[in-house]
Amino acid sequence: MPIRSMTGFAQVRGEVQRQNGKSTDVAASAGPSHGRLAFALSLKSVNHRFLDLHFRLPSGTDSLEMQLRRLLKEKMARGHVEVSLSLERAAGETFVLNREFVGGYIAAFKAAAAEFSLPVEPDLNAVLRIPGALDSAADAADGEIEAVVMARVGEALERLNQMREEEGRGIVRELRQRMAHLLEAGRSVQQHRRAVLQNYSERLQARLQEMLGASVDRERVLQEAALLVDRSDIQEEIVRLETHVQHFLGLLDEGGEIGKKLDFLLQEMNREANTLLSKTSGLAGEALKITEAGLAMKAEIEKSREQVQNLE
């Protein structure tokens with residue numbers, strides 16, 4: 001499976017037309033004609049730690065929401081996804097008053113007004129704007145729009161994933177460049193590593209001679225220096241960092257849902273870079289170049305993490 005970004009948008013349009021008692025999907029025209037119900041299904045996704053689905057659907061489409069939710073869970077792994085369905089009825093379509101619904105609302109309104117002695121009357125304009133107060137004369141098609149929308153949601157998902165995959169390819173290209181910079185910085189550290197070891201040895205020997213005077217045991221100084229140098233050696237961090245980078249590149253080659261794995265590897269890389277910097281703090285001369293390389297590593301890692309946060 002290709003590597004995908006979690007950011008994308010897609011929309012499909014269609015119309016439901018009643019033909020011989022059945023609802024069929026036809027291509028959307030410039031505007032809805034009489035006897036047709038136009039719809040627009042939109043999918044918008046942004047990054048999120050998990051799969052977070054939000055629906056904005058017309059009232060009375062609970063079954064459609066359940067089907068869409070089930071399908072999206074099968075096709076998507078992560079992301080904040082907003083699903084919107086808007087309906088546009090034909091200009092000449094008539095509406096029927098939902099007498100039971102409106103009557104119940106007015107009765108409740110008057111009862112409340114009487115209970116609290118309020119001299120008010122219900123506003124018919126406000127009542128008719130309540131969802132469900134007016135039913136379309138063609139509402140028979142509303143119950144059948146579910147099948148038509150589900151027939152088109154696959155197309156919307158395909159468009160969404162095309163956009164997510166295109167952005168994913170751009171992110172992968174940048175991540176490969178970042179990893180190349182990390183490896184280059186690691187090679188730079190390796191080149192200056194001997195200077196760091198020499199620096200540690202000279203500093204320790206000078207300090208011990210200062211403290212003990214001429215009676216210092218040179219062999220003992222060398223042993224202590226070797227021990228300190230061994231504890232302060234950054235070779236282990238360099239090797240682990242390069243191993244993490246190779247694993248990172250391998251996951252990019254593998255593809256699929258790798259966002260969380262890449263994020264974990266970058267955390268490990270950052271830990272190695274921090275340890276490297278702590279071991280070389282306070283050094284002067286050529287060893288300062290290791291500090292510069294370590295800071296460059298951290299910058300590349302942070303920029304990589306910003307990009308990885310968008311991968312599925």
Side-chain angles (χ1 to χ4, degrees), residues 1-11 42-55 68-83 153-189 236-277 293-312:
M1 188 178 94
I3 296 176
R4 296 171 180 163
S5 164
M6 285 186 282
T7 303
F9 175 80
Q11 184 180 76
S42 303
L43 302 178
K44 177 184 177 182
S45 67
V46 294
N47 62 319
H48 196 274
R49 292 182 61 192
F50 310 103
L51 182 60
D52 184 31
L53 301 176
H54 290 260
F55 294 86
L68 289 172
R69 186 180 296 275
R70 187 181 306 115
L71 179 63
L72 292 174
K73 285 184 177 180
E74 293 175 357
K75 301 297 184 180
M76 305 178 73
R78 295 174 65 198
H80 173 90
V81 184
E82 294 183 2
V83 183
V153 69
E155 179 184 349
L157 267 173
E158 182 178 355
R159 294 182 183 180
L160 178 68
N161 284 333
Q162 285 177 353
M163 183 174 183
R164 284 155 53 103
E165 288 170 12
E166 181 179 354
E167 183 168 337
R169 287 191 289 270
I171 293 176
V172 168
R173 285 194 296 270
E174 180 172 346
L175 288 175
R176 290 188 184 278
Q177 293 175 358
R178 300 291 179 196
M179 293 302 106
H181 295 163
L182 266 178
L183 289 175
E184 182 179 351
R187 287 191 290 269
S188 175
V189 170
E236 186 178 351
E237 285 70 31
I238 296 173
V239 171
R240 281 203 295 258
L241 184 64
E242 291 180 350
T243 301
H244 292 325
V245 171
Q246 295 303 328
H247 190 186
F248 191 99
L249 293 172
L251 288 174
L252 292 180
D253 293 335
E254 180 182 330
E257 300 164 9
I258 58 173
K260 291 183 178 180
K261 295 179 181 179
L262 296 181
D263 188 50
F264 173 76
L265 282 175
L266 288 170
Q267 292 179 42
E268 294 300 308
M269 292 181 200
N270 191 60
R271 183 177 292 110
E272 302 301 337
N274 284 335
T275 304
L276 184 149
L277 286 170
L295 293 174
M297 287 178 179
K298 288 183 62 66
E300 295 295 336
I301 293 170
E302 186 59 32
K303 292 175 183 177
S304 298
R305 290 195 69 183
E306 291 176 2
Q307 294 299 324
V308 164
Q309 299 299 320
N310 291 319
L311 289 182
E312 188 174 36

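For the single chain, residues carry numbers from 1 onward in sequence order. This is a predicted model, so every value here is computed, not measured.
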Rounded distance [0.5 Å steps], [atom1] in [X] versus [atom2] in [Y]:
X	Y	atom1	atom2	answer
Q309	R49	CD	CZ	9.5 Å
L265	I301	CG	CD1	11.0 Å
T275	E236	OG1	CD	9.0 Å
S45	D52	OG	CG	11.5 Å

Just checking [X]: does its [atom1] atom have more than 12 heavy atoms from other residues, nucleotides or ligands closer to it than 6.0 angstrom?
X	atom1	value
Q267	CD	yes
K260	NZ	yes
K298	NZ	yes

Determine whether [X] and [Y] make a side-chain contact, defined as any pair of heavy atoms from C-beta on separated by less than 4.5 Å.
X	Y	answer
V153	V83	no
R164	M76	yes
L157	L72	yes

List, one per line, each side-chain donor-acceptor pair under 3.5 Å for residues 250-257, sequence neighbours excluded.
| residue | atom | partner | partner atom | Å |
| --- | --- | --- | --- | --- |
| D253 | OD1 | R176 | NH1 | 3.3 |
| D253 | OD1 | R176 | NH2 | 2.6 |

Among residues two or more places apart or on two chains, list those pairs meeting salt bridge (Lys or Arg N to Asp or Glu O under 4.0 Å) that have a residue in residues 261-275.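 Qualifying pairs, neighbours excluded: R240-E272, D263-R305, E268-R271.
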Over all heavy atoms of both residues, which pair between [X] and [Y] is shortest? Give the atoms and the distance, please.
X	Y	answer
A10	A156	CB-O, 3.3 Å
F9	M163	N-SD, 3.2 Å
I171	S5	CD1-CB, 4.1 Å
A77	E312	N-OE2, 2.9 Å
G8	L160	C-CD1, 3.3 Å
Q11	S42	NE2-OG, 2.7 Å

Does N270 form a side chain to side chain contact (heavy atoms under 4.5 Å, CB included) with E302? I'd like the steps, not just the answer. CA-CA 8 Å; N270 191 60; E302 186 59 32; 5.7 Å; no
Positive for side chain to side chain contact (heavy atoms under 4.5 Å, CB included) with M6, one of V46, L51, L311, N47: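 Running side chain to side chain contact (heavy atoms under 4.5 Å, CB included) over V46, L51, L311, N47 with M6 returns exactly one hit, N47.
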Who are the side-chain hydrogen bond (donor to acceptor under 3.5 Å, both in side chains) partners of R78, not counting sequence neighbours?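 Scan of R78 (side-chain hydrogen bond (donor to acceptor under 3.5 Å, both in side chains), adjacent residues dropped) gives none.
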Charged N to carboxylate O under 4.0 angstrom, E155 versus R159?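 Salt bridge flag = yes for R159 with E155.
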Under a 4.0 Å threshold between the charged nitrogen and the carboxylate oxygen, would R178 count as salt-bridged to E174?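 A salt bridge is present here (some side-chain N lies under 4.0 Å from a carboxylate O).
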Show the numbers, then the answer: is there a side chain to side chain contact (heavy atoms under 4.5 Å, CB included) between L183 and E242? CA-CA 7 Å; L183 289 175; E242 291 180 350; 4.2 Å; yes
Stepwise side chain to side chain contact (heavy atoms under 4.5 Å, CB included) test for L241 and L276: CA-CA 10 Å; L241 184 64; L276 184 149; 5.8 Å; no
Taking only residues two or more places apart in sequence, or in another chain, which ones meet [X] in a side chain to side chain contact (heavy atoms under 4.5 Å, CB included)?
X	value
V239	Q235, T243
M179	L182, V245, F248, L249, L266, M269, S304
R69	L53, F55, E65, K73

Determine whether M297 and V189 satisfy the following criterion, side chain to side chain contact (heavy atoms under 4.5 Å, CB included), listing intermediate values before the conclusion. CA-CA 10 Å; M297 287 178 179; V189 170; 3.9 Å; yes
